[in-house]
Amino acid sequence: MRTTQMLIPTLRDDPGEAETVSHRLMLRAGMIRKVAAGVYTYLPLGLRVIRKVEGIVREEMNRAGAQELLMPIASPAELWRETGRWDFYGKELFRFKDRHERDFCLGPTHEEVITDLIRREVRSYRHLPLNCYQIQTKFRDEIRPRFGLMRGREFIMKDAYSFDKDEAGAQLSYQKMYDAYQRIFTRCGLTFRAVEADTGLIGGDVSHEFMVLAETGEATVVYTDHGTYAANLERAEVPPPTESDPAPLQPIKAVSTPNKRTVEEVTSFLNISPRQLVKTLLYKTGQEVLVVLIRGDHEVNEVKLARLLGVNEVTLASPLDVQVTTNAPVGFAGPVDLKTKVRVLADHAIKATRNMVVGANQPDAHLVNANLDRDFKVDQFADLRNAQAGDPSPRGDGRLTLAKGIEVGQVFLLGTKYSKKMNATILDAQGQERLAVMGCYGIGVSRTAAAAIEQNHDAKGIIWPVPIAPFHVHLLPLSQSTAVQEQAAHLYDQLGRAGIEVLWDDRDERAGVKFNDADLIGAPFHLVIGDKGLAQGHVELKTRKTGTVSKLPPSEVVGTVSSWINGPSTGH
RNA sequence: CGGGGCGUAGCGCAGCCCGGUAGCGCGCCUGCUUUGGGAGCAGGAUGUCGGAGGUUCAAAUCCUCUCGCCCCGACCA
């Protein structure tokens, strides 16, 4: 393609609206433009990258035995009411009414639609396993869209759904997708890690997320450096402590802590370690108010709490609820002599702590040397906290490290969650109706493109991995001289014949402008043709990533570029 | 949803406090010169100052309402 025939509105300045690297560079490189918050137009250059990612996804999905179809973006509320997600999905679901006042939504994911299709069309186990996928625009009315394509309200996703006759088959389908995802993200040139994950709004039993490791990631990944354990923070298990505090029990006593509410205030006022303090948090579920005890230096993991309680979500109780339940304002709640009968849950670490500092359930007072069983009772111990760096691995293979990651894909083993609610049954070999066992598998295509930039850029711009680059070669003739122009035209033609994608900067611009735009756009290889070089019989081939320049005769260009692109080491 | 910030030319911004002809840089258009890392000179075009209402002789500027966008937070007691 010639630059003059392509809409590539590069920007010299950073747009004020963009903070993160990928957002800024995609705007500056003329790849995307914003239409509304979290809603973007893909310009030709951006779309080329999207198509590259889609191509890799499509190849690997097909190779894994999945078949492509395309479902509608709009779907009727009835399907969503069958599974309860019309209500459960909440405000994230884009809803609208048609002219007859019937409720519809824009699909955020398609379990309902695909399950409806399969229950109608597939009756026999003979037709299973079945895995259908699509690549499509999805809609989620995010609470806070941000970072350009990273968290949009409209985004491109590949979603796949597998149907099996039994659990064993479903696990096999899951494993195939897991393997396919490994290949996809590897081929995209990303440094990533598959981690155990919670199942969230989608539901199901088993799940892995594929995380691109990057500082700007919104998710936290927990893993062992040398071991095999990796999970996201929501999921990461924390084993109970193996040693308990050997300190002798001290007599409990009340101390005045005027206006000291937070962990920091109380610990510095009493000159104690946060490890001695116990936070007494009041949580509300749909049904009850309950108490959660957590050590001062730990954080409650609400996903774990909700899962333990078997509810969708838990919220912290309001100050009023706290007052009513504990007889004290927020900041002075404690487990000792609670006025109201409530369930008390505690993180495992509480069991191993002695002589704890807790709220006194009266204003401006705490209790010191509170001890389990002697002074208060706990109804249930559980793993309720977030893992921290240095915690032992739940697999016993070392200590945990934390890192930030961008979630680019997630696979779920759903079991019969949807098939049961929607009565998607198939006949087995004995003629018995059985619920289809499902899995679902998503890849954020547009987010993958953004994540690739987060991981591959420098101060000057993007450095595309070869497989998803919008063009392989950026052809930069530096003058309008006949010799340079003819050589450029010739090489453009030769490279094109060899199947190499070339962006030909045919603008009558100064060298600096072309170089800067080329660095910004980030094609892996820059082919520079200037009068000086030609006079000496060579052109220059520059590797964007390393800045290395090779001078070579024009006749060797096609062969060299081909070997770099197709060869095993594309790390040029 | 709460807090903060911002809407003025394609982009980045100034002007607003203290009302009085709407500016700067880059970009864009024309011409000449230039041509290996964002050229020089000369000439030129470009704005419902986010929108609505109000105050005033007069509003980008003051007041009210409203829309949009960005950032942080969303309860760890």
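Worth knowing before you read on, the calculation uses all heavy atoms, side chains too, and leaves out hydrogens, waters and symmetry mates. Throughout, a chain's letter reflects where its sequence line sits, starting with A, and its residues are numbered from 1.
- The distance from atom CZ of A:R146 to atom P of B:rG5 is 20 Å, rounded to the nearest whole Å.
- A:R235 has no carboxylate O lying under 4.0 Å from a charged side-chain N of A:E209, or vice versa, which leaves the two without a salt bridge.
- The distance from atom CD of A:Q480 to atom C1' of B:rU35 is 9 Å, rounded to the nearest whole Å.
- Heavy atoms of A:V263 sit under 4.0 angstrom from primed sugar atoms or phosphate atoms, though from no base atom.
- Of the candidate nucleotides B:rC70, B:rG37, B:rA77, B:rA77 has the atom nearest to the side chain of A:R261.
- Position along RNA chain B of the nearest nucleotide to A:N301 versus A:E17 favours A:E17 as the more 5'-ward residue.
- Nucleic acid contact for A:I143: base, since at least one base atom lies under 4.0 Å from a heavy atom of the residue.
- When the P atom is used for both B:rG53 and B:rU61, the distance is 14 Å, rounded to whole Å.
- Relative to the side chain of A:V300, the nucleotides B:rA77, B:rC76, B:rG38 differ in distance, and B:rC76 lies closest.
- A:P15 comes within contact range of the sugar-phosphate backbone alone, with a heavy-atom separation under 4.0 Å but no base atom that close.
- Between B:rC26 and A:R12, no contact under 4.0 Å exists linking OP1 or OP2 to a side-chain N or O.
- With a 3.5 Å ceiling on both atom-pair distances, the Watson-Crick or G-U wobble partner of B:rG68 is B:rC6.
- As rounded to the nearest Å, B:rG20 and B:rA52 have C1' atoms that lie 24 Å from one another.
- In the interface, the side chain of A:E509 is not paired with the base of B:rG38 through any donor and acceptor atom under 3.5 Å apart.
- The CG-P distance, from A:L233 to B:rC76, rounds to 16 Å in whole Å.
- Contact annotation: side chain of A:D531 to base of B:rG36, donor-acceptor pair absent below 3.5 Å.
- One P atom belongs to B:rC69, the other to B:rC29, and the distance between them is 31 Å to the nearest Å.
- Nucleic acid contact class of A:A317 (heavy atoms, under 4.0 Å, all strands): base.
- One can place CZ of A:R507 at 14 Å from P of B:rG38, the figure rounded to the nearest angstrom.
- A:K514 comes within 4.0 angstrom of nothing in the nucleic acid, heavy atoms only.
- Shown here, B:rA42 forms a base pair with B:rU30; the pair counts as Watson-Crick or G-U wobble because both key distances fall under 3.5 Å.
- Comparing the C1' positions of B:rG15 and B:rA9 gives a spacing of 15 Å, expressed to the nearest Å.
- Within a 6.0 Å radius of NZ in A:K377, more than 12 heavy atoms belonging to other residues, nucleotides or ligands are found.
- At most 12 non-hydrogen atoms from other residues, nucleotides or ligands lie less than 6.0 angstrom from CZ of A:R275.
- The pair A:E299-A:R385 does not count as a salt bridge, with every side-chain nitrogen at least 4.0 angstrom from each carboxylate oxygen.
- B:rG40 and B:rC26: their P atoms are spaced 8 Å apart (whole Å).
- Ion pairing of A:R95 with A:D103 is absent here, as no side-chain N (NZ or NE/NH1/NH2) approaches a carboxylate O to less than 4.0 Å.
- Considering only side-chain atoms of A:L316, the nucleotide from B:rG36, B:rC76, B:rG38 that sits closest is B:rC76.
- With respect to the salt-bridge test (charged N to carboxylate O, under 4.0 angstrom), the residues A:D245 and A:R354 do not qualify.
- Nucleic acid contact class of A:K284 (heavy atoms, under 4.0 Å, all strands): none.
- A salt bridge links A:K34 and A:E17; the closest N-O separation between the charged side-chain nitrogens and carboxylate oxygens is under 4.0 Å.
- For the P atoms, the distance from B:rG54 to B:rA59 is 12 Å, rounded to whole Å.
- In this structure B:rA59 sits in no base pair that meets the Watson-Crick or G-U test at under 3.5 Å.
- Within the 4.0 angstrom heavy-atom criterion, base atoms lie near A:E299.
- Ion pairing between a basic and an acidic side chain is recognised when a charged N comes within 4.0 Å of a carboxylate O; A:R28 and A:D13 show no such pairing.
- The nucleotide whose nearest atom lies closest to any side-chain atom of A:A37 is, among B:rA77, B:rC70, B:rG36, B:rC70.
- Salt bridge status for A:K284 with A:D321: present, with a side-chain N to carboxylate O gap under 4.0 Å.
- Toward the 5′ end of RNA chain B lies the nearest nucleotide of A:K542, the other residue of the pair A:K542 and A:R144 mapping further downstream.
- An OP1 or OP2 oxygen of B:rU35 is reached within less than 4.0 angstrom by no side-chain nitrogen or oxygen of A:R510.
- Summarising the base pairing, B:rU48 is matched to no nucleotide, lacking a Watson-Crick or G-U wobble pair whose two defining distances lie under 3.5 Å.
- With both ends at atom P, the span from B:rU21 to B:rC28 equals 31 Å, rounded to whole Å.
- A:L11 places its CG atom 8 Å from the P atom of B:rC11, with the value rounded to the nearest Å.
- In this structure, the CG atom of A:D13 is 17 Å from the P atom of B:rC24, given to the nearest Å.
- Taking the P atom of each, B:rC72 and B:rG27 are spaced 32 Å apart, rounded to whole Å.
- Rounded to an integer number of Å, the gap from A:R33 CZ to B:rC69 P is 17 Å.
- In this structure, A:S479 reaches neither bases nor backbone, as no heavy-atom distance under 4.0 Å exists between it and the strands shown.
- A:G359 comes within 4.0 angstrom of no nucleic acid atom, judged by non-hydrogen atoms across all strands.
- Within the 4.0 angstrom heavy-atom criterion, base atoms lie near A:D517.
- B:rA39 atom P lies 12 Å from atom CZ of A:F515, rounded to whole Å.
- With B:rC76, B:rA77, B:rG38 as the choices, the nucleotide that has an atom nearest any side-chain atom of A:N516 turns out to be B:rG38.
- For B:rC76, neither phosphate oxygen OP1 nor OP2 lies less than 4.0 angstrom from any side-chain nitrogen or oxygen of A:K279.
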